[in-house]
Amino acid sequence: MASVGPSAASAQPALPSGPAVFKTIPYAFILPEIVCGTWVWILVAATSVSLPLLQGWVMYVSLTSCLISLLLLLSYLLGFHRNSENWKVLDSLYHGTTAILYMSAAVLQANATINSEFGVNAPLNYQLNSAASFFAFLTTFLYILHAFSIYYQ
């Protein structure tokens, strides 16, 4: 009986490095996550923060997630992962946790948007908060897509 080598079905796909990161799902989601998260951060910072506790959490989540995602993107671009399966677990846990934190931030930002409808500079703050809420929910969706794409890969 002939020995059977490793099957093609059990072979794990290689983790991307360099520019291939931008062409490979789910790693291609990292740059849009950073861009949309940065917009949340900028838009909240541009408002007159009327609810510092709520919007402080939104700023914390968006800024921290943006910086960690940037470090993760750089590590993929520079090939620090060395094709280790542990990086997939780390990536999945990070994006899953961040999706939950971003969902809480998006809901708090939506609440801040509702509360900013009436008050000083109401039209401008309401529009900025509405845009921040939109980008917060969009960023949440991107993090969820990334986490589940790795899980089902």
Side-chain angles (χ1 to χ4, degrees), residues 13-81 83-153:
L15 294 172
S17 292
V21 170
F22 300 114
K23 300 177 204 169
T24 309
I25 299 294
Y27 308 102
F29 292 133
I30 295 176
L31 191 59
E33 291 164 1
I34 293 169
V35 170
C36 290
T38 303
W39 273 111
V40 172
W41 179 66
I42 291 169
L43 290 165
V44 172
T47 66
S48 64
V49 178
S50 58
L51 302 165
L53 190 59
L54 299 181
Q55 290 183 301
W57 176 250
V58 175
M59 291 286 285
Y60 173 76
V61 169
S62 62
L63 183 58
T64 305
S65 301
C66 180
L67 292 175
I68 294 173
S69 292
L70 185 61
L71 289 174
L72 192 60
L73 176 63
L74 288 173
S75 68
Y76 278 120
L77 286 172
L78 298 174
F80 288 154
H81 54 75
N83 211 19
S84 171
E85 285 299 310
N86 295 333
W87 277 84
K88 281 188 175 182
V89 174
L90 172 78
D91 197 300
S92 181
L93 287 174
Y94 166 70
H95 281 89
T97 304
T98 305
I100 293 168
L101 293 175
Y102 240 109
M103 179 58 79
S104 71
V107 169
L108 291 175
Q109 181 57 38
N111 185 18
T113 301
I114 292 168
N115 290 330
S116 71
E117 190 171 4
F118 304 106
V120 180
N121 296 328
L124 177 63
N125 284 329
Y126 181 74
Q127 291 168 353
L128 290 170
N129 281 321
S130 296
S133 294
F134 171 77
F135 280 108
F137 281 106
L138 180 62
T139 307
T140 302
F141 180 67
L142 288 169
Y143 276 105
I144 290 170
L145 277 177
H146 191 127
F148 278 109
S149 297
I150 290 175
Y151 181 73
Y152 287 113
Q153 195 177 36

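Residue numbers start at 1 and run along the sequence shown.
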Side-chain donor-acceptor distances from residues 135-144 under 3.5 Å, at least two apart:
residue: Thr139; atom: OG1; partner: Phe135; partner atom: O; Å: 2.6
residue: Thr140; atom: OG1; partner: Tyr102; partner atom: O; Å: 3.3
residue: Thr140; atom: OG1; partner: Ala136; partner atom: O; Å: 2.8
residue: Tyr143; atom: OH; partner: Ser69; partner atom: OG; Å: 2.7

Minimum heavy-atom distance between [X] and [Y], given as atom pair plus value:
| X | Y | result |
| --- | --- | --- |
| Ala46 | Leu128 | O-CD1, 3.7 Å |
| Ala132 | Leu43 | N-CD1, 3.6 Å |
| Val58 | Leu108 | CG2-CB, 4.3 Å |

Separation between [atom1] of [X] and [atom2] of [Y], rounded to the nearest 0.5 Å:
| X | Y | atom1 | atom2 | result |
| --- | --- | --- | --- | --- |
| Leu77 | Leu73 | CG | CG | 4.5 Å |
| Ile34 | Ile68 | CD1 | CD1 | 11.5 Å |
| Phe134 | Trp39 | CZ | CH2 | 12.5 Å |
| Ile42 | Cys66 | CD1 | SG | 9.0 Å |
| His95 | Leu72 | NE2 | CG | 6.0 Å |
| Gln55 | Asn111 | CD | CG | 9.5 Å |

Begin from the C-alpha positions of Ile100 and Met103 and carry the test side-chain contact (heavy atoms from CB on, under 4.5 Å) through to its verdict. CA-CA 5 Å; Ile100 293 168; Met103 179 58 79; 5.7 Å; no
Can you find a heavy atom in the side chain of Asp91 that is under 4.5 Å from one in the side chain of His146? yes
Could you work out, with ring pair (Phe, Tyr, Trp, His ring centres under 6.0 Å) as the rule, every residue matching Trp41, not counting sequence neighbours? none
Not counting sequence neighbours, list each pair that qualifies as a side chain to side chain donor-acceptor pair (under 3.5 Å) and has a residue in residues 56-66. Trp57-Ser104
Using only heavy-atom distances, determine whether the side chains of Ser116 and Asn129 contain a donor-acceptor pair under 3.5 Å. yes
